[in-house]
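Working notes, structure below.
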Amino acid sequence: MSFAACKTMHCPTGIENCAAGFITHSAADITPQIQTADIDSDWPATKPLGPIPNLIVSAGNVLEVYMIRVERDAAEVKRGGLMAGISAASLELVCNYRLHGNIYSVGVLTAGGVDGGRRRDSIILSFEDAKISILEFDDATHALRTSSMHCFEGPDWFHLKRGRESFDKGPIIKVDPLGRCAGVFAYEQQMIILKAAEVNSSLVGEDSAFSAGGASARIESSYIITLRDLDVRHVKDFTFLHGYIEPVMVILHERELTWAGRVSWKHHTCMVSAFSISTTLKQHPLIWSAVNLPHDAYKLLAVPSPIGGVLAIGANTIHYHSQSSSCSLALNNFAFIGDSSQDMPRSSFNVELDAANATWLTNDVAMLSTKTGELLLLTIIYDGRIVQKLDLSKSKASVLTSGITTIGDSLFFLGSRLGDSLLVQFTCGLGESNLPPGMQEEVGDIENDAPSAKRLRISSSDALQDMINGEELSLYGTAPNNAQSAQKTFSFAVRDSLINVGPLKDFSYGMRINADLNATGIAKQSNYELVCCSGHGKNGSLCVLQQSIRPEMITQEALPGCKGIWTVYHKNTRTHLNESSRVADEEDEYHAYLIISLETRTMVLQTASNLEEVTENVDYYVQGTTLAAGNLFGRRRVIQVFAHGARILDGAFMTQELSFKASIVESGLSSDSSTVASVSIADPYVLLRMTNGSLQLLVGDPSSCSVSIAVPSIFESSQKSISACTLYHDKGPEPWLRKTSTDAWLSSGMGEAIDGADGVTQDQGDVYCVVCYENDILEIFDVPNFSCVFSVDKFVSGRTYLVDTYIQDSVNGLHTHSKNTENVIGPGQKENSKDMKINLVELMMHRWIGKHSRPFLFGILADGTVLSYHAYVFEGSENSSRVEGSVSSQNSVSLSSTNVSRLRNLRFVRVPVDNYAREEMPSGTPLERMNVYKNIGGSQGIFLTGSRPSWFMVFRERLRIHPQLCDGPIVAFTVLHNVNCNHGLIYVTAQGTLKICQLPSFLSFDNYWPVQKIPLKGTPHQVTYSAEKSLYSVIVSVPVLKPLNQVLSTIADQEVGHQFDPENINYEGSYPIEEFEVRILEPEKSGGPWQTRASIPMQNSENALTVRTVTLLNTTTRENETLLAIGTAYVQGEDVAARGRVLLFSIDRTADNSRTLVSEVYSKEIKGAISALASLQGHLLVASGPKITLHKWTGSELNGVAFCDLPPLHVVSLNIVKNFILLGDIHKSIYFISWKEPQLTLLAKDFGALDCLATEFLIDGSTLSLVVSDDQKNVQIFYYAPKVSESWKGQKLLSRAEFHVGSRITKFLRLQLLPTTSERTATAPGSDKTNRFASVFGTLDGSLGCIAPLDELTFRRLQSLQKKLVSAVTHVAGLNPRSFRQFHSNGKAHRPGPDNIVDCELLSHYEMLPLEEQLEIAQQIGTTRMQIMSNFNDLILGTSFL
């Protein structure tokens, strides 16, 4: 294992930062929801929704921007019920990025309502140590672009650190509420001020007329304030105040520090200071300050206008300070009164607010989320600008948050690292008058407010903006009845949630419930799953993760030689109900027939309830193979297409037969033998591609339900042969593509008048034909006129953006490569020519149901690459006029002859296809591989058949790709919905088995891997799997409130001298104590919640630290026994010597499997905490405190046989291979030990200091390496080489590689690499190549990855590719992948090790480059694209473990 690849298999999901801002649209772009109510009507019962901003979230190195879609129609009420006229709100992904750096904090630079709210906000990201990037949304590319970068690291800025090397906090961002500047606090003593640009300035070298979407806020310059010069030290938090003419920054800092032993004398050490920031003069005078804040104040919250001022939140008190008034609130008994004589008002209940997060719901109500997950409402009671008192009240309980943000005026988002994040809608109850008008919900006591509210709704968006910003609220919000405002009631409804599987503390590898024990090869991998301990406290859960989908089988049938399967609907009489019920009907209609195409014949089966063959009794064409079947005319007819003809059927009876030979003769083509090659059906059209490369269209007539053949004139004359084509049906009442045509207002009126008298043919949308020629030009035609509405050249090269060629000349920057592609083929590139020409074999364009969904365009190339594109609209206002001028001069003829509006605002952006292993296409006629499905178990997307079947699911407008390995290659697929199979599927494997299945209902597929969460209502710590019994044993701790007396007396009991009598303790109150138990869980067969079969409680103040399934050799009976071993420790304060217990349990089932019997077979108390256990060749190895002991098992007790005083402090992990032991110490790195009877010997150790988190062995053939992860998010690989001189005669472990993963790795798992195609042929079984293991790891931010060994040739190739990609790819936020992956030592001395790990995160960008650039880079590093792609593929296949 000299060389390795580090690969992220599951991105981080634990959300650390969240913020709201108008990123993709401005506040003045009126969202359609405001217009729903008629202006003339009386004040409606629902409040008008203001503009809703975007949500920005970050998790680890992942940045995601979401749009919030609100639905008002109460027809179908979704999650959360109907509240304030809103029936549903959901998150829709706009863009997501994996950055080369961990995002430390996120801020939103607001445009501040200037320019009538037409400017957009920008995102500010900060990265350790002091890097700041400002990103804005670019409509033209539907992506974020970097508008400025500010870096205060490196040699020029060393003086900022003042000699320090490590810092507790990274750079924290806060933004002025009006967007005039932002502050970034870095290096714990420097304040970086980012000055925002004025409205009318622009970036250098950019057109003054910006991208049509309107300008975003920009940063003009930055400078540094050294806080030491302002006499500010020990900064805890800072923020910007509302309501001042210049930006005012308030800093919470500690004048002199205190410590635990001095708190009773020295406790009010904090103060707040307010500085006025003048960005032009770079001056910052102190304008006011307040002293005597408690030492535990940690957070500032700026109070919005019209109140102003700031709240300082401490663990036990809340203080309000402004220039004119101050007040405070005590939260519990520990609140110190301070020097002031008057008594501090108490809140009505006790609460501790350390580690709370907060946001403002309205201008005087803040919501706080505590460390236990309770939501508290803090109301500020004020008169004019004088704050009279603070009022705290309890609200709902929720998830443990890492951040909260309010989105618009009626939603907030709870971001969580420990549980699922939630989007919540809130409405405020009655009795308030100082709210922004328009916040009320019911028509109750609002008569006095109605006029102003009405005025709000009619007023233009500028005024609306000012009111929302709180400028004009003082006009309406006089506060006569403030007594009521304390009684505000809020109601909440959870609208959406984002799944989080972090923090993964431990996981184990077990069998799935529905495992197939006969599977072999790669299909066997889908028998396994990872069961992970994730979450904390009440959000604690077991997450069951599976990388590949295994459908639940209902029945299976042998069916050799199958070519394709289709299911069709049939209803003889259509019930004409209104639109909505018709759609609902269509969803639930059962399929009528299943058509199976075999090699020489076709079978037809009835599918109403059971599958019965009816081939003899129907008029289907059954004498040969069928090419396609589908429904026409609103499911009233079925069309069946075969090689030479087609049949139209009404149920079982044929109504029309077509033969394709004649039409070809008529059109004057001599090739009679041409047959149908591929079919695409979009009601009422059917597109046929013939084997000679020509196209035919079957046009249906809905009134007579008959079909006629037409050859589109544009294809009759053309000699260009077509490589792939498809029909795209733009369904729905508002076809999406109409928005992209330039005269959108014209085309939106089309199609309304088509309504037939019977109301059947409502506007079913438009049909388009997408064609790709063999010269790689992709064109979209409208059907049936066949005028070209969109065209792109070189579709196969897979560029990032597709733009209509008519516009392309005037759009610079998107197509810099179109000019230099011709001269790529140099003299030395003849052998690459097969790389150069890759044909497209299949196209598919589809838009799934959803009000705001946008179409996807998929293409499969002959080498197995899947290109996926997502459409978006870009209205280039200043482009269109310029373009038309330039076009008409060249193409005037073609334009005038076809009077057509092009879809000139349509663009496509390429979406990465993650974790998809390409497959080489077999030569010969390719089967159609893409199968669109609308609803299988509630999911929608595309199923890709072939040798590596995959599900491409669409959730929130994002692709989720899940492979299906369990049956090997799949040749045919279709959906099935009937009585016995509810929204299921049928597929046929290459072995000739037809399977009818359903997707598992308990899995959530809207995640990087399918996941099932099992709530535990406690914190899980460690999990182990016993394979024989298929049970999981989990350590769970639950906080229990104990009286303080009891807690203190248990500690006092342990003291030697019994200094005080427990009776004298008179503390009231209670204290939460974690109570531990080991639960034994059994997976539920049906996939429901898991059953707790038994529970092993721990003693008082005893913590279970480790649980493992061990195999011990019973020395009396000479038999192996599998036991459950638990190691514990008593936690009793620092005055008591540490003790722990080793417990051994046997687990048995009763004969009928009904009960699980758990019996203790051994327990022993040992000095020191028992932090790790393992079985070593039948003996039990116990790590207790600073030593490890080896015991043999006699059947009734453990007898020590060897010991080693090794890790100096505390063992955190223990791994065993054969007779070698690897152990990691909490501070002193790793130790490598061997066991030879009768002793344990230290072979070598790492001499550096390292705070280990997890360790594991890596095996590559016959080489053994040791891998260790540390708390600085690095991984190091060591090896033992006693013959090398640097190893000091073998005492020292030598470094083989090091890498910065960017997440804290808590657990490694060693799994054998799977054989890949190139290796199967080359190696004999049992050789070095087969004995290779990768190490899968789980991290605290919810990501999973693996470190896999590479052979040297592959490594050198990928490493040189990686060096090229650093400069060949534009990196989001301007981050450098090389600096991110360097070892982070946090200021400790570290000698750099070899760079022998390649970064797959960076390598994945290679596949996203255009083909020409891929070939060019491959040529520059002296290899071929095929070779690189095959290495990538082998890596994906070799590590598809689950």
Side-chain angles (χ1 to χ4, degrees), residues 19-31 50-56 63 65 67 94-95 106-125 132-150 173 175-182 194-222 247 279-280 408 460-466 468-469 471 801 810-814 872-882 905 907 909 1370 1372-1374:
F22 291 98
I23 308 297
T24 61
H25 54 277
S26 64
D29 298 345
I30 298 187
T31 44
I52 299 183
N54 297 93
L55 170 69
I56 303 116
L63 175 72
V65 179
M67 184 92 96
V94 178
C95 52
V106 175
V108 171
L109 180 69
T110 54
V114 289
D115 198 15
R118 275 190 277 283
R119 279 161 61 94
R120 302 183 181 178
D121 306 341
S122 294
I123 304 173
I124 311 180
L125 303 178
I132 302 148
S133 292
I134 289 89
L135 304 174
E136 62 186 32
F137 189 75
D138 182 5
D139 281 327
T141 59
H142 201 73
L144 295 176
R145 65 169 169 212
T146 312
S147 68
S148 63
M149 302 181 334
H150 310 261
I173 304 169
V175 185
D176 172 55
L178 292 180
R180 295 163 293 192
C181 69
L194 305 173
K195 180 188 176 191
E198 298 296 318
V199 179
N200 46 17
S201 65
S202 67
L203 286 185
V204 185
E206 190 179 55
D207 298 344
S208 53
F210 251 81
S211 65
S216 303
R218 296 271 174 86
I219 294 295
E220 186 182 277
S221 59
S222 54
T279 50
T280 44
S460 73
S461 56
D462 306 24
L464 185 118
Q465 211 32 51
D466 289 343
I468 287 173
N469 286 343
E471 255 43 20
Y801 304 103
S810 62
V811 179
N812 314 327
L814 283 179
Y872 64 97
V873 182
F874 170 63
E875 298 175 10
S877 58
E878 80 277 10
N879 289 344
S880 48
S881 55
R882 199 167 58 195
N905 294 336
R907 294 196 177 180
V909 61
T1370 50
V1372 184

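None of these values were measured; they are calculated from a predicted model.
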Item to check | Candidate pair T280 and K195, rule side chain to side chain contact (heavy atoms under 4.5 Å, CB included), full reasoning | outcome: CA-CA 9 Å; T280 44; K195 180 188 176 191; 3.7 Å; yes
[X] to [Y] - nearest heavy-atom pair and separation:
X	Y	value
V909	Y801	CG2-CE2, 3.6 Å
R119	E198	NH1-O, 4.5 Å
T279	C181	CG2-CB, 4.0 Å
I124	A182	CD1-CB, 3.9 Å
L194	S222	CD2-CB, 3.5 Å
I219	S148	CB-OG, 3.8 Å

If we ignore hydrogens and angles and just use 3.5 Å, is the side chain of [X] paired with the main-chain N or O of [Y] as donor and acceptor?
X	Y	result
H25	I52	yes
N54	V65	no
D121	V108	no
S122	A217	yes
R118	S26	no

Next on the checklist: Run the side chain to side chain contact (heavy atoms under 4.5 Å, CB included) test on L63 and L144 for me, step by step, so that the C-alpha distance in whole Å, both residues' side-chain angles and the decisive distance to 0.1 Å come before the verdict.
Outcome noted: CA-CA 10 Å; L63 175 72; L144 295 176; 3.8 Å; yes
Spacing of [X] atom [atom1] and [Y] atom [atom2] [to the nearest 0.5 Å]:
X	Y	atom1	atom2	result
N905	D139	CG	CG	11.0 Å
I23	F137	CD1	CZ	9.5 Å
L109	R120	CG	CZ	14.5 Å
M149	L135	CE	CG	10.0 Å

Next on the checklist: If you apply the rule side chain to side chain contact (heavy atoms under 4.5 Å, CB included), what do you find for V94 with H142, and how did you get there?
Outcome noted: CA-CA 8 Å; V94 178; H142 201 73; 4.1 Å; yes
Checklist entry - Is H150 close to I134 at the side-chain level, that is, under 4.5 Å between some pair of heavy atoms? => result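 Yes, close enough: below the 4.5 Å cut-off.
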